[in-house]
Structures are given as C-alpha cells and as structure tokens.
Amino acid sequence: MFDNHLKRWGLEPDGNPIITPGSRLLPVRQGQTPAMLKIALGDEEKIGASLMVWWNGNGAARVLEHADDALLLERAQGEKCLRAMTLDGKDDEACRIICEAVAQLHEHQVTDFVLPMLVPLDIWFSELHRAATRRGGLLAFCAEAARELLASQRDMVVLHGDIHHRNILDFDNRGWLAIDPKGLIGERTFDYANLFCNPNFVVASDSKRFIRRLDIVVDVAGLDRKRMLQWILAYAGLSAAWFMEDGGSPETPMAIAQLAAAELALI
C-alpha cells in the first residue's frame, strides 16, 4: 500500500505502520524531514485529507505532498502532550491551548472549493435522532437540544469535527496544530463540545472539572454559556448513540450529558 508513494516522494520508512479503521499511516523521512504518510480509506478520511490540503498548514499540520487518497504530513516533533498535561494536573492550560488551536482553524473563510466536500451538522446528527426515537430517556433530551441548535445555527465556519486531546499536537516552533479532521460545516461552538468528553472518564465526569472547563472555554473562545452547554448535551448524546451502535459502552458521554443537563437546569 505504501510502496508507490515511498518511491514517488523519495521517502524512507521511519517506524512501524499504524492501522486504523479509516486509514493507514507510516512514519517516514523525506531527506532529513520527519513526516507521516497517510492513506485514506473511507469517505470520511478522504474528506479530512482534502480539508488538510485546504488549510495549507495554517492551524493544522502542513501537507508536504498529496496525490489521490494519500497525504504526506509534517510530523509533530514537540515533546508536550495535551493528554499528559491534563493527567498531570494542568488541564486549565490544556483547555486554553485547545481553544486557541480551534480558533486558528475557524479563521479560515468558507470558499467555493471547500464547501461541496463538507458535511452539514444536521446530517452529522442523524444517528442521535434515530437512537433517541428507539431509546428515549436522556437521549431524547439530547436530541431535542440538537434540534433546537440546528434550527438556529450562528457563526457558521468550517469545523474540524473531532477536537480532542490527541488531535491537537505539539509541533515545536510551529505551535499546537490540528490533525485528523472530519470536515464539517456548522456553528463554531460545536467544535468545542468534544473537549468535555476527553481525555478519559475520570477527568471528564468530574463535576468540578466540568464547570471549570466550561468557564475557561466560554471565556477564551468568547462563547455563549447556555449555548455551549446545549452543544455539549447534543454532542454527548450523539457520541453515546455512536457507542451504542458499535456495541460499546456509552458511559462517558452519558455522564457528560447528565452534567450538561444539570447545569442547564440552573440557567
């Protein structure tokens, strides 16, 4: 799978292949430059690859080469890690870094080139509505929040779609940059919601940490507090629906949905 691109771009393998459901990755070097060769398999990954090209290294990892479904990306060389930072008691700093990285991505204006490839949020949330119809309960509350938000979207931007601690990396002197976008379009507040479900259950489900994160994100990103809570509720429901569909445990997103619902009840 990698051979043609290794030859085409003069690459040398620099590590073991990484296999994911949607892509195949290989650490490589192009001369002295460390890079990551990524071949997209599914449609979602292919959209993300096109978006990385469009971002052109502004707020995201730089694309060094691209052809067909393959990307050659600059490889993160910094020593810091947002997940480790959070687990080391520096979650406030990690949250601010994530917010600043997301803001860089949202500065890009939607163009005629990128618009046709993006997935609208109302389509992205379809699984939540199906799950809410089947299961009811808290998921129905999440779905109602989603319906209200989707009917009244504001501040429309190109969205990353999967912002979390492992998708914002330390690129040393280039700063903190994004990788692995989904390629969505919709209200910018949505992109901050997944942060609240990460990096693990213990951190995300801590009620005091949840409020602290909410305070930081609303302040740094300049968001409406109630609307942020509604997007967290809606996204947590969607995440839970995906877990259920795949046969996994929705424990973490359901806990976050409960926290968001409880806080919304106080407004």
Side-chain angles (χ1 to χ4, degrees), residues 1-6 8-9 11-30 34-55 57 59-78 80-84 86-87 98 101-102 105 117-119 123-124 126-127 158-171 176-184 190-191 193-195 197-201 204 235 238-253:
M1 177 171 286
F2 298 112
D3 286 352
N4 287 341
H5 300 292
L6 291 174
R8 176 186 294 184
W9 294 328
L11 309 175
E12 291 293 332
D14 193 35
N16 295 321
I18 302 167
I19 308 301
T20 74
S23 62
R24 303 291 184 266
L25 301 101
L26 182 68
V28 297
R29 286 187 175 272
Q30 188 178 49
M36 186 69 75
L37 176 58
K38 180 175 182 179
I39 300 178
L41 301 181
D43 290 341
E44 190 175 284
E45 289 290 338
K46 293 175 183 178
I47 292 172
S50 296
L51 185 54
M52 291 293 288
V53 173
W54 181 74
W55 275 330
R62 183 181 289 118
V63 176
L64 305 175
E65 308 276 3
H66 63 95
D68 303 320
D69 297 326
L71 292 180
L72 183 67
L73 298 163
E74 64 175 317
R75 191 174 357 139
Q77 295 294 289
K80 295 180 181 179
C81 166
L82 291 176
R83 186 177 189 277
T86 284
L87 298 181
I98 291 173
V102 172
L105 298 178
M117 72 179 71
L118 302 175
V119 179
I123 294 176
W124 198 245
S126 58
E127 181 58 35
V158 176
L159 298 164
H160 179 285
D162 193 25
I163 292 294
H164 58 74
H165 295 66
R166 293 187 185 277
N167 276 348
I168 305 292
L169 302 181
D170 178 10
F171 281 78
W176 293 91
L177 303 173
I179 61 169
D180 292 347
K182 299 299 183 185
L184 313 180
F190 167 85
D191 248 354
N194 192 26
L195 156 64
C197 295
N198 283 279
N200 61 28
F201 175 80
Y235 178 79
L238 176 60
S239 180
W242 284 334
F243 274 110
M244 292 174 184
E245 179 69 18
D246 293 339
S249 170
E251 180 184 28
T252 297

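Sequential numbering from 1 along the given sequence is applied to the chain's residues.
Evaluation of the side-chain hydrogen bond (donor to acceptor under 3.5 Å, both in side chains) rule for Asp162 yields Asn167, Asn194 as partners, not counting sequence neighbours. Shown here are the side chain to side chain contact (heavy atoms under 4.5 Å, CB included) partners of Ile123, two or more places apart in sequence or in another chain: Val119, Pro120. Here Phe243 pairs with Ser239, Pro250, Pro253 under the side chain to side chain contact (heavy atoms under 4.5 Å, CB included) rule; sequence neighbours left out. Checked against side chain to side chain contact (heavy atoms under 4.5 Å, CB included), Asp68 has the following partners two or more places apart in sequence or in another chain: Arg8. Residues forming a side chain to side chain contact (heavy atoms under 4.5 Å, CB included) with Ala241 (at least two apart in sequence, or on another chain): Glu127, Ala131. Listed by chain and number, the residues in a ring-ring contact (aromatic ring centres under 6.0 Å, His included) with Trp176 amount to none (sequence neighbours excluded). Residues satisfying the salt bridge (Lys or Arg N to Asp or Glu O under 4.0 Å) criterion with Arg75, sequence neighbours excluded, are Asp14. By the ring-ring contact (aromatic ring centres under 6.0 Å, His included) test, His5 is found to be paired with Trp9, residues two or more places apart in sequence or in another chain being considered. Shown here are the side-chain hydrogen bond (donor to acceptor under 3.5 Å, both in side chains) partners of Ser23, two or more places apart in sequence or in another chain: Thr20. Looking at residues two or more places apart in sequence or on another chain, you find no side-chain hydrogen bond (donor to acceptor under 3.5 Å, both in side chains) involving His160. Not counting sequence neighbours, the partners of Glu65 by the side-chain hydrogen bond (donor to acceptor under 3.5 Å, both in side chains) test are Gln30.
Between Met1 and Leu41, the shortest heavy-atom contact is CE-CD2, 4.1 Å. The shortest heavy-atom contact between Leu87 and Pro199 is CD2-CG, 4.4 Å. In plain terms, the two heavy atoms of Leu72 and Ala35 that are nearest each other are CD1-CB, 3.7 Å. Nearest heavy-atom pair, Met117 versus Ser50, reported as atom, atom and distance to 0.1 Å: SD-CB, 3.4 Å. Pairing each heavy atom of Asp191 with each of Gly161, the nearest pair is OD1-N, 2.9 Å. The two residues Met52 and Ala178 come nearest to each other via the heavy atoms CE-O, 3.9 Å.
Counting only heavy atoms from C-beta outward, the side chains of Ile179 and Leu73 never approach each other to under 4.5 Å. For the pair Leu51 and Ile47, the minimum side-chain heavy-atom distance is 4.5 Å or more. Residues Trp55 and Pro181 meet the side-chain proximity criterion, which asks for heavy atoms closer than 4.5 Å. Contact of the Val28 side chain with the Phe2 side chain is not registered, since no non-hydrogen atoms from C-beta on lie closer than 4.5 Å. Inter-residue side-chain proximity for Ile19 and Arg24 is flagged as met; some heavy-atom pair is nearer than 4.5 Å.
Of the inter-residue distances, the one linking Leu169 atom CG with Lys80 atom NZ reads 14.0 Å to the nearest 0.5 angstrom. With rounding to the nearest 0.5 angstrom, the CG atom of Asn200 is 7.5 Å from the OG1 atom of Thr252. Once rounded to the nearest 0.5 Å, the distance linking SG of Cys81 with CD1 of Ile168 reads 12.0 Å. Here CG of Leu118 is found 11.5 Å from CH2 of Trp124. Values are rounded to the nearest 0.5 Å. If you take CD on Glu74 and CZ on Arg62, they are separated by 5.0 Å, rounding to the nearest 0.5 Å. Once rounded to the nearest 0.5 Å, the distance linking CG of Leu26 with CG of Leu11 reads 8.5 Å.
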Original post:
For Gln77 and Asp170, what are the C-alpha separation, side-chain angles and deciding distance, and is it a side chain to side chain contact (heavy atoms under 4.5 Å, CB included)?
Top reply: CA-CA 7 Å; Gln77 295 294 289; Asp170 178 10; over 6 Å; no
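In the displayed structure, Asn16 atom CG is contacted under 6.0 Å by at most 12 heavy atoms of other residues, nucleotides or ligands. The environment of NE2 in His66 is sparse: at most 12 heavy-atom neighbours from other residues, nucleotides or ligands sit within 6.0 Å.
Counting only residues at least two apart or in different chains, side chain to side chain donor-acceptor pair (under 3.5 Å) contacts with residues 34-44 comprise Lys38-Glu45, Lys38-Asp180, Glu44-Lys182.
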